[in-house]
Structure formats: structure tokens, C-alpha cells
Amino acid sequence: MGESAETLHGWGVTPQEAVALQNALRERLVLQPPASLRVSRVAGADISTENGNALGYGGFVVLDAVSLRPVEQAGAAVALSFPYVPGLLSFRELPVLLAAWNRLAHKPDLVIFDGQGIAHPRRFGIACHGGLLLGVPSIGCAKSLLVGKVGPLGEARGETAEIRHRGEVVGMAVRTRRGVSPVYVSPGHLMDLPTAVEWVLRVSPRYREPETTRHAHRFVNALRTAGGGDREAQEKTETSP
DNA sequence: GCGACAG
DNA sequence: ATCTTGTCGC
């Protein structure tokens with residue numbers, strides 16, 4: 001059998017095969033940002049699911065890394081073929097996100113996913129799988145933990161505490177705003193933990209969640225509410241200036 | 001065997 | 001994630 005890009009997808013696999021694929025793909029991760037990394041555009045990715053889980057509306061919103069203003073967005077609607085299984089989220093969401101990604105005219109230099117990076121049972125969360133598949137530096141920023149334990153962290157914005165799992169530091173709990181629960185940050189692909197934390201704080205100047213995530217969430221939710229399936233999603237792929 | 005369990 | 005009513009706080 002040939003080694004190909006097809007291997008990176010894993011669409012159509014069973015949950016059992018998905019686990020094996022994660023264990024194999026994990027070896028390809030690069031947990032270090034490229035020395036040449038210059039982020040001028042940073043994107044958020046998210047999906048919104050329909051009633052009975054039939055259709056998934058996914059999308060990216062690309063922000064200017066300095067102003068944090070949206071510069072482009074792209075969405076797609078794809079039938080969801082994989083169930084939600086803790087630890088296998090990427091197999092459910094990435095097919096939708098890939099379709100949206102292909103509609104982006106200008107790819108971002110960094111993508112922040114709504115979910116885990118290496119803070120995962122097999123160190124291969126959606127940010128890892130997505131970064132590898134799209135060939136882009138990526139960060140996982142989740143609202144809750146999938147695995148690991150976190151000690152107490154300070155109350156001030158910018159405070160952090162390690163996420164430890166099986167004796168390893170797999171991520172960081174980050175307080176992006178005083179008085180709210182932290183977000184959980186871990187590297188995806190072409191990324192390391194310090195750089196990931198730095199970027200999450202940079203794109204979260206005011207609210208608990210990164211501006212990237214907030215924009216992406218609103219965008220895909222609007223797509224779903226508007227209905228219309230993929231036709232409608234494709235048409236709303238340009239941002240108004 | 002018993003919990004825990006991203007979105 | 002989605003489905004939903006009310007409530008608390010700036």
C-alpha cells in the first residue's frame with residue numbers, strides 16, 4: 001500500500017481504526033515552531049451541528065494578527081459521518097473544516113482550534129490532526145480538560161498552571177481574564193507550549209476565549225441558523241470590509 | 001469493575 | 001455540541 005496524503009485524512013475509518021491512525025500520525029508531529037514563523041494572519045476554526053447531527057457547518061475566520069480584525073472567512077456544510085467520541089473529535093469535525101479551508105483565498109499563518117492539542121490520551125487532539133492535515137502551525141485551546149490534572153493558578157490575567165498527564169507536561173491552563181475559569185492550551189503541530197500560551201494570551205485581550213474562536217463560533221452558528229446547506233455556506237465566504 | 005470523558 | 005428559562009452583574 002502506498003503512503004499518501006490519503007493517510008492523513010482517515011475519513012471513513014471505524015473508531016478502532018481511528019485510534020490506530022492517531023498513534024501512527026502522532027509520530028509526524030513537529031512540536032517546535034519553524035524558525036521562520038512570522039504570524040501576520042491567525043485563524044479560528046469551529047463547527048456548529050444541526051439538530052439530529054445530520055449536517056455540520058464548519059468554518060474559519062482569519063484575523064489580522066495585530067488588529068485582530070477579521071480579514072476573511074470561509075464556511076462549508078458537510079454531512080457528519082463520525083459520531084462524537086471523546087478522544088476522536090477530529091474524525092468528526094475535520095472533514096467539515098477541510099472543505100471550508102479549501103475555500104480560503106489566503107491561508108493563515110497560524111490556526112487556533114477549539115479543542116485539545118497534545119493534551120490528549122494519545123497526544124493527538126484535533127489541533128494536532130488539523131495542523132498536520134493542513135500543514136500549518138496550530139494550537140489547541142479548549143474550554144475544559146480531556147485528560148490531565150492542573151494545580152491551582154493565580155487569579156490575574158496571564159497566570160498559568162501546568163497540565164500534567166502521566167508524568168508529562170502536555171499543556172497549560174491559562175487565565176485569559178480575571179474572575180473566570182481558565183482555558184486549556186496545548187501545542188498542535190509546528191508549535192511548542194510557550195509559543196502557544198503566548199499566542200492565546202495575545203488573541204484574548206478581553207474575553208475568556210480567543211477572538212479567533214469567538215469569531216469562528218459566531219460565524220458557523222450563523223451559517224447553521226441561516227440554513228441552506230453548503231450552497232449558502234459557500235456564498236458567505238467573503239468578509240465585508 | 002468503576003469513573004472520566006474536547007465538541 | 002444542541003435544546004431551553006430564568007437570573008445575576010456590569
Side-chain angles (χ1 to χ4, degrees), chain A residues 10 15-16 18-19 21-22 25-26 29 44-61 75-100 111-133 138-150 157 163-166 170-174 176-189 191 193 196 200 206-210 212-227 233:
Chain A
Q16 328 252 315
V19 169
L21 194 51
Q22 290 181 323
L25 294 180
R26 175 182 59 202
L29 286 180
D46 196 16
I47 81 164
S48 181
T49 61
E50 212 176 35
N51 310 318
N53 283 344
L55 273 184
Y57 291 80
F60 289 84
V61 177
V78 173
L80 298 172
S81 56
F82 201 93
Y84 169 69
V85 178
L88 300 178
L89 180 65
S90 64
F91 292 87
R92 177 175 176 79
E93 299 199 347
L94 285 184
V96 191
L97 292 178
L98 180 60
V111 174
I112 299 179
F113 286 86
D114 195 359
Q116 315 294 343
I118 63 171
H120 178 277
R122 289 166 294 280
R123 299 178 63 103
F124 199 72
I126 188 171
C128 301
H129 200 165
L132 200 55
L133 180 63
S138 61
I139 294 170
C141 181
K143 297 178 290 299
S144 62
L145 281 176
L146 176 59
V147 295
K149 296 295 180 184
V150 181
R157 171 186 145 79
I163 302 172
R164 306 197 63 106
H165 181 56
R166 299 175 187 167
V170 295
M172 207 77 92
V174 179
T176 51
R177 175 178 181 165
R178 169 162 239 135
V180 301
S181 48
V183 291
Y184 302 95
V185 178
S186 57
H189 180 48
M191 183 56 51
L193 186 51
V200 166
R206 180 165 183 190
Y207 301 105
R208 182 198 179 206
E209 296 209 75
T212 43
T213 303
R214 300 181 71 244
H215 275 99
H217 195 279
R218 280 186 303 178
F219 174 51
V220 297
N221 199 56
L223 285 181
R224 179 179 61 81
T225 302

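Worth saying up front: this structure is predicted, and the values here are computed from it rather than measured.
- For the pair A/F91 CZ and B/dA6 C1', the interatomic distance rounds to 14 Å; values are reported in whole Å.
- A search for ring pair (Phe, Tyr, Trp, His ring centres under 6.0 Å) contacts involving A/F91 returns A/F82, A/H129, not counting sequence neighbours.
- The residue A/L88 sits close to a base: some heavy atom pair falls under 4.0 Å.
- A heavy-atom distance below 4.5 Å is found between the side chains of A/R92 and A/L80.
- For A/V96 against A/A76, the heavy-atom pair with the smallest separation is CG1-O, 3.7 Å.
- At a threshold of 4.5 Å between non-hydrogen side-chain atoms, the residues A/T49 and A/Y84 do not count as touching.
- In summary, A/K143 and A/D114 engage in a salt bridge, as defined by a charged side-chain N under 4.0 Å from a carboxylate O.
- In this entry the distance linking CZ of A/R123 with C1' of B/dA6 reads 17 Å, nearest Å.
- Smallest separation of non-hydrogen atoms from A/I139 and A/A196: CD1-CA, 3.6 Å.
- The separation between A/I163 atom CD1 and B/dA6 atom C1' is 11 Å, rounded to whole Å.
- We find that CZ of A/F82 is positioned 16 Å from C1' of C/dA1, with the value rounded to whole Å.
- Side-chain atoms of A/L146 lie closest to B/dC5 of the nucleotides C/dT2, B/dG7, B/dC5.
- Contact between the side-chain N/O atoms of A/T49 and the OP1/OP2 oxygens of B/dG7 is not found at any separation under 4.0 Å.
- Taking 4.0 angstrom as the limit, A/S144 places none of its side-chain polar atoms (N or O) nearer than this to OP1 or OP2 of B/dC5.
- Note that OG of A/S138 and CE of A/M191 are 7.0 Å apart. Values are rounded to the nearest 0.5 Å.
- Closest to the side chain of A/I126, from the set B/dA6, C/dC3, B/dG7, is B/dA6.
- Checked against B/dA6, C/dC3, C/dA1, the side chain of A/R224 finds its nearest nucleotide in C/dC3.
- When the P atom of C/dT2 is taken as reference, atom CZ of A/R218 falls 15 Å away, rounded to whole Å.
- What separates NE2 of A/H120 from C1' of B/dC5 is a distance of 11 Å, to the nearest Å.
- Atom P of nucleotide C/dA1 and atom CG of A/D46 are separated by 7 Å, given to the nearest angstrom.
- Counting any heavy atom pair closer than 4.0 Å across all strands shown, A/G140 reaches no nucleic acid atom.
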For DNA chain C, just give me the dot-bracket, please: Watson-Crick or G-U, both distances below 3.5 Å, ( ) intra-strand, [ ] crossing earlier pairs, | paired with another strand, . unpaired. ..........
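- Judged by centroid separation below 5.5 Å and plane tilt below 30°, A/Y184 does not stack onto the base of B/dA6.
- When all heavy atoms of A/V185 and A/C141 are compared, the closest pair comes out as CG2-SG, 4.4 Å.
- Distances shown here put a side-chain N or O of A/N221 below 4.0 Å from the OP1 or OP2 atom of C/dT2.
- When the side-chain nitrogen and oxygen atoms of A/K143 are compared with OP1 and OP2 of B/dG7, one or more of them lie within a distance under 4.0 Å.
- Out of C/dA1, B/dG7, B/dC5, the shortest distance to the side chain of A/P86 is found at B/dC5.
- Residue A/L55 contributes atom CG, which lies 17 Å from atom C1' of B/dG7 at whole-angstrom precision.
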